[in-house]
2 protein chains.
Amino acid sequence: MGGIRDVARHAGVAPSSVTRVLNGYPNISEDLRARVMAAIEACDYKPDAVASGLRRGVTRTIGIVVSDIVNPLFAEIVEGLEERLREDGYWFVLAHSHGDPEHDVESIRLLQQRRVDGLVLSVADETQPALLDILSRLRLPVVLLDREIEGWTEASAVLSDHRPGVAQVTGDLLDAGHTRVALISGSAETRPGRERLAGFREAFMARGLSPDSDIVQTGAMSVRAGQDAAREVLSRHPRPTAIITGANLQLVGVLKTMQELGLRVGKDVALAACDDVPIASLYAPPITVVARDTRQLGREAADLLLERLGDPARPARTIHLPTHVLTRASTQTLGAPEAGPTTPVAPQQP
Amino acid sequence: MGGIRDVARHAGVAPSSVTRVLNGYPNISEDLRARVMAAIEACDYKPDAVASGLRRGVTRTIGIVVSDIVNPLFAEIVEGLEERLREDGYWFVLAHSHGDPEHDVESIRLLQQRRVDGLVLSVADETQPALLDILSRLRLPVVLLDREIEGWTEASAVLSDHRPGVAQVTGDLLDAGHTRVALISGSAETRPGRERLAGFREAFMARGLSPDSDIVQTGAMSVRAGQDAAREVLSRHPRPTAIITGANLQLVGVLKTMQELGLRVGKDVALAACDDVPIASLYAPPITVVARDTRQLGREAADLLLERLGDPARPARTIHLPTHVLTRASTQTLGAPEAGPTTPVAPQQP
DNA sequence: CTGAAAGCGCTAACAT
DNA sequence: ATGTTAGCGCTTTCAG
């Protein structure tokens, strides 16, 4: 497959004319355009995006860093991002951190070398010094996904309002008579973890109660972390009558533990989760969640990035997106909060 | 951030010497290496991968085309791929087709322009003529994910053995007394759809039965397609007593429909699915599946690609990966008394 | 062992 | 309106 020179020779024109036709420059004669198009066809010519990128100083590629694409939350965000970016002719390169903060920094460095035009980040640890270090040197538009990096205001961000959502479910549980409500959530190194904890506390304090003894925080957003945390919290005496999970993979772990222990969701222990992942609505009984529109989150992030890509002078912006509580059976069917089960029973069909 | 010339000037050496140090050439004096490294440090120099790619004719980037990253199946495959590719310093650019075959072809074209070094494809339609057309012109190593393209032997492939797996679950259901077993699966335009149908038929024929009247095939691997197909198949008289779903998103649709219709999984209708996605094992009752190691599938695909990247002369290879049936309660509790609590049944290995 | 110079394929500035 | 030329930043001959 030849280059632009071959096409030019074939059409009997200059290479620059081929470029002009390809990139829709004005003032091109119909004759030239036709000859060039024919030659492009004849040579099966495909412009080399690498060469073009080198010359233009722009790659039309965005780097995306998330912890784990298997997490449906990130998968949906990435899909939202992709849809919007692609409309504008951008592609993306994806890097996983698997929850490792150093991996995040390394990914950013390598994406920078690949000359991506912008970055969308959901870092594993906002507080890592090396992160601030590399970001502050970076001359690239950055959008943070539900993250806040202290001391760095150059980035745009899309933030979800976790606090009021979690405060509401927590409050609903307390108002329904639950006295021992546990929170299993992500660490404070990340905004959602902090905000959810804040919302949780808020609900208690608004009622003159103190939640601290039943809070369990786990750093890892993983099934195992949720499983372990649930084992710990459910072994306490008196046992909590309700659990709120803050990360969707942890929810899976909590469900597993409850199955192991023969505890029925919504009967023996009320359960609420964050993010309306498929498992939440399909579980029997369906699980109450603090939901948000993840695809929209991705789209908004893309918009934020595109606006700065189009005009680098535009200042960074922060967008807040709402959450809303979807109340389902898992927090509504509790019979006798203090009564333990005698026999293991499968969750009921609705 | 300066280029290699700045570093060279700073170190008092030639640009080519900087390259040599960076790329680990032999026969470099300690003095030169030290001076260059110091200059690199001082300039905070990061080599430009775009320029390097243009010169070398290689980008260390792989193009991956899948229908939908939100599908946990693809998410896990991509994760497996990524892990392995990254070990060898490769990155990937991801394109979604959303099930549109033309989108696949377009993505391949654009990835080719970006000069990816190889391609990993899970196309939406193997039979599309434009696909064969573009692939046969392509001078790039390609690995197919559970796909076979007739008339094109240049590609390596990783194939899952769906047929025996589906034949086994189907047979198990028939042997358990089910006479009306329905298949809700993907179209024949894609290998898994064909293989699953073949396995399904195989089980019937081995027993002197004919399955055709209860087969439902839907083209789309989507929740809605599964929902619609389940509505159709469950409205037949007599109603099927068992359903096998062939695509994991369709499973979700089938579950929704059954909830709508008030049909209990495993009680009113036995249910088996393909691929052990989280929802299958967590559902109540847990759902029997034809499982496979998706992460391994990704890793094997990466290996296949890397071996051809390392030596383009190597011939394409095809790898077969096994499936195995995980029998769970959804196919074992049919006819059980409605009242009593159901104890989860331990998965049986074949 | 190191330097000088050419060029990957494209595009933008300058010419006509 | 189109052609000519230089050069993006790096790597690779080719010299020395």
Side-chain angles (χ1 to χ4, degrees), chain A residues 1-40 43-61 89 110-117 139, chain B residues 1-40 43-61 89 109-117 139-140:
Chain A
M1 207 186 58
I4 206 168
R5 302 185 87 101
D6 291 317
V7 176
R9 200 174 311 127
H10 198 279
V13 301
S16 51
S17 292
V18 178
T19 295
R20 287 195 265 256
V21 169
L22 247 68
N23 298 325
Y25 275 63
N27 303 335
I28 293 179
S29 74
E30 256 326 306
D31 172 58
L32 187 127
R33 158 169 284 117
R35 295 226 310 282
V36 167
M37 293 309 280
I40 285 173
C43 301
D44 189 27
Y45 170 71
K46 308 250 180 17
D48 183 326
V50 175
S52 161
L54 176 60
R55 179 64 235 241
R56 302 232 263 242
V58 148
T59 56
R60 294 197 88 77
T61 305
L110 291 169
L111 288 167
Q112 183 188 7
Q113 290 192 194
R114 306 212 135 213
R115 299 296 184 261
V116 295
D117 297 338
R139 292 283 164 272
Chain B
M1 207 186 59
I4 205 169
R5 302 183 85 105
D6 292 317
V7 177
R9 200 174 311 129
H10 198 280
V13 301
S16 49
S17 292
V18 178
T19 298
R20 288 195 263 257
V21 170
L22 246 68
N23 298 328
Y25 276 61
N27 303 334
I28 293 179
S29 74
E30 256 325 306
D31 172 58
L32 188 124
R33 157 169 285 116
R35 294 225 311 281
V36 167
M37 293 308 281
I40 285 173
C43 301
D44 188 27
Y45 171 71
K46 308 248 181 19
D48 183 325
V50 175
S52 160
L54 175 61
R55 182 62 236 244
R56 301 234 257 241
V58 149
T59 56
R60 294 198 89 77
T61 305
R109 239 204 35 220
L110 291 169
L111 288 167
Q112 183 188 7
Q113 291 191 193
R114 306 210 136 216
R115 300 294 183 264
V116 295
D117 296 340
R139 291 283 164 272
L140 238 47

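Every chain is numbered from 1 and lettered A, B, ... according to where its sequence line falls, protein lines coming before strand lines.
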Write out all pairs satisfying salt bridge (charged side-chain N to carboxylate O under 4.0 Å, His left out) with one or both partners inside residues 8-23 of chain A, taking only residues at least two apart or from two chains.
A/Asp6-A/Arg9
Interatomic distance, CE@A/Met37 vs OH@A/Tyr45, rounded to 0.5 Å, equals 12.0 Å
Base, sugar-phosphate, or nothing: which does B/Val13 touch, judged by heavy atoms less than 4.0 Å apart?
sugar-phosphate
Between C/dC8 atom P and A/Arg56 atom CZ, what is the distance in whole Å?
20 Å
At under 4.0 Å between heavy atoms, what does A/Ser17 touch on the DNA or RNA strands: base, sugar-phosphate, or nothing?
sugar-phosphate
Whole angstrom value for the distance that separates C1' of C/dT11 from CG of A/Leu22:
11 Å
A/Arg60 has an atom CZ; how far is it from atom P of C/dC10, in whole Å?
17 Å
Kindly write out the residues that satisfy salt bridge (charged side-chain N to carboxylate O under 4.0 Å, His left out) with A/Arg5, not counting sequence neighbours, or none if the list is empty.
none
B/Thr19 or A/Leu54, whichever maps to the more 5' nucleotide of DNA chain D
A/Leu54
Considering non-hydrogen atoms only, spot the tightest contact between A/Val18 and A/Ile4 and give its length.
CG1-CG1, 3.5 Å
Set of residues satisfying side chain to side chain donor-acceptor pair (under 3.5 Å) with respect to A/Ser17, sequence neighbours excluded
none
Can you check the B/Ile4 CD1 to C/dG3 C1' distance for me, whole Å?
13 Å
Please work out which residues in residues 23-35 of chain A have a non-hydrogen atom less than 4.0 Å from an atom of DNA chain C and list them by number.
A/Asn23, A/Tyr25
In Å, rounded to the nearest 0.5 Å, how long is the span from CZ of A/Arg115 to CG of B/Asp48?
4.0 Å
Residues forming a salt bridge (charged side-chain N to carboxylate O under 4.0 Å, His left out) with B/Asp117, sequence neighbours excluded
none
Per-helix bend value, the helix from C/dC1-D/dG16 to C/dT16-D/dA1, C1' rotation axes over five pairs per end, 10° rounding, shows 40°
Output one line per pair: protein atom, nucleotide atom from nucleotides 4-7 of chain C, and distance, for all N/O pairs under 3.5 Å.
{"unit_1": "C/dA4", "atom_1": "N6", "unit_2": "B/Ser16", "atom_2": "OG", "d": "3.3"}
{"unit_1": "C/dG7", "atom_1": "N2", "unit_2": "B/Arg55", "atom_2": "NH1", "d": "3.2"}

Min and max contacting nt of DNA chain D in 5' to 3' order, chain A heavy atoms within under 4.0 angstrom, are D/dA1 to D/dG9
Going by atom type alone, with no hydrogens or angles, which donor-acceptor pairs under 3.5 Å involve a side-chain atom of residues 21-32 of chain B and a protein atom two or more places apart or on another chain?
{"unit_1": "B/Asn23", "atom_1": "ND2", "unit_2": "B/Thr19", "atom_2": "O", "d": "3.4"}
{"unit_1": "B/Ser29", "atom_1": "OG", "unit_2": "B/Leu32", "atom_2": "N", "d": "3.1"}
{"unit_1": "B/Asp31", "atom_1": "OD2", "unit_2": "B/Arg35", "atom_2": "NH1", "d": "2.7"}

Test side chain to side chain contact (heavy atoms under 4.5 Å, CB included) on B/Leu54 and B/Val50; report intermediate values, then the result.
CA-CA 6 Å; B/Leu54 175 61; B/Val50 175; 5.8 Å; no
So, using side chain to side chain donor-acceptor pair (under 3.5 Å) as the criterion, who are the partners of B/Arg109 when residues are at least two apart?
B/Glu106
Partner of A/Val7 under side-chain contact (heavy atoms from CB on, under 4.5 Å), picked from A/Cys43, A/Pro47, A/Pro15, is A/Cys43
A/Thr61: what forms a side chain to side chain donor-acceptor pair (under 3.5 Å) with it, not counting sequence neighbours?
B/Arg114
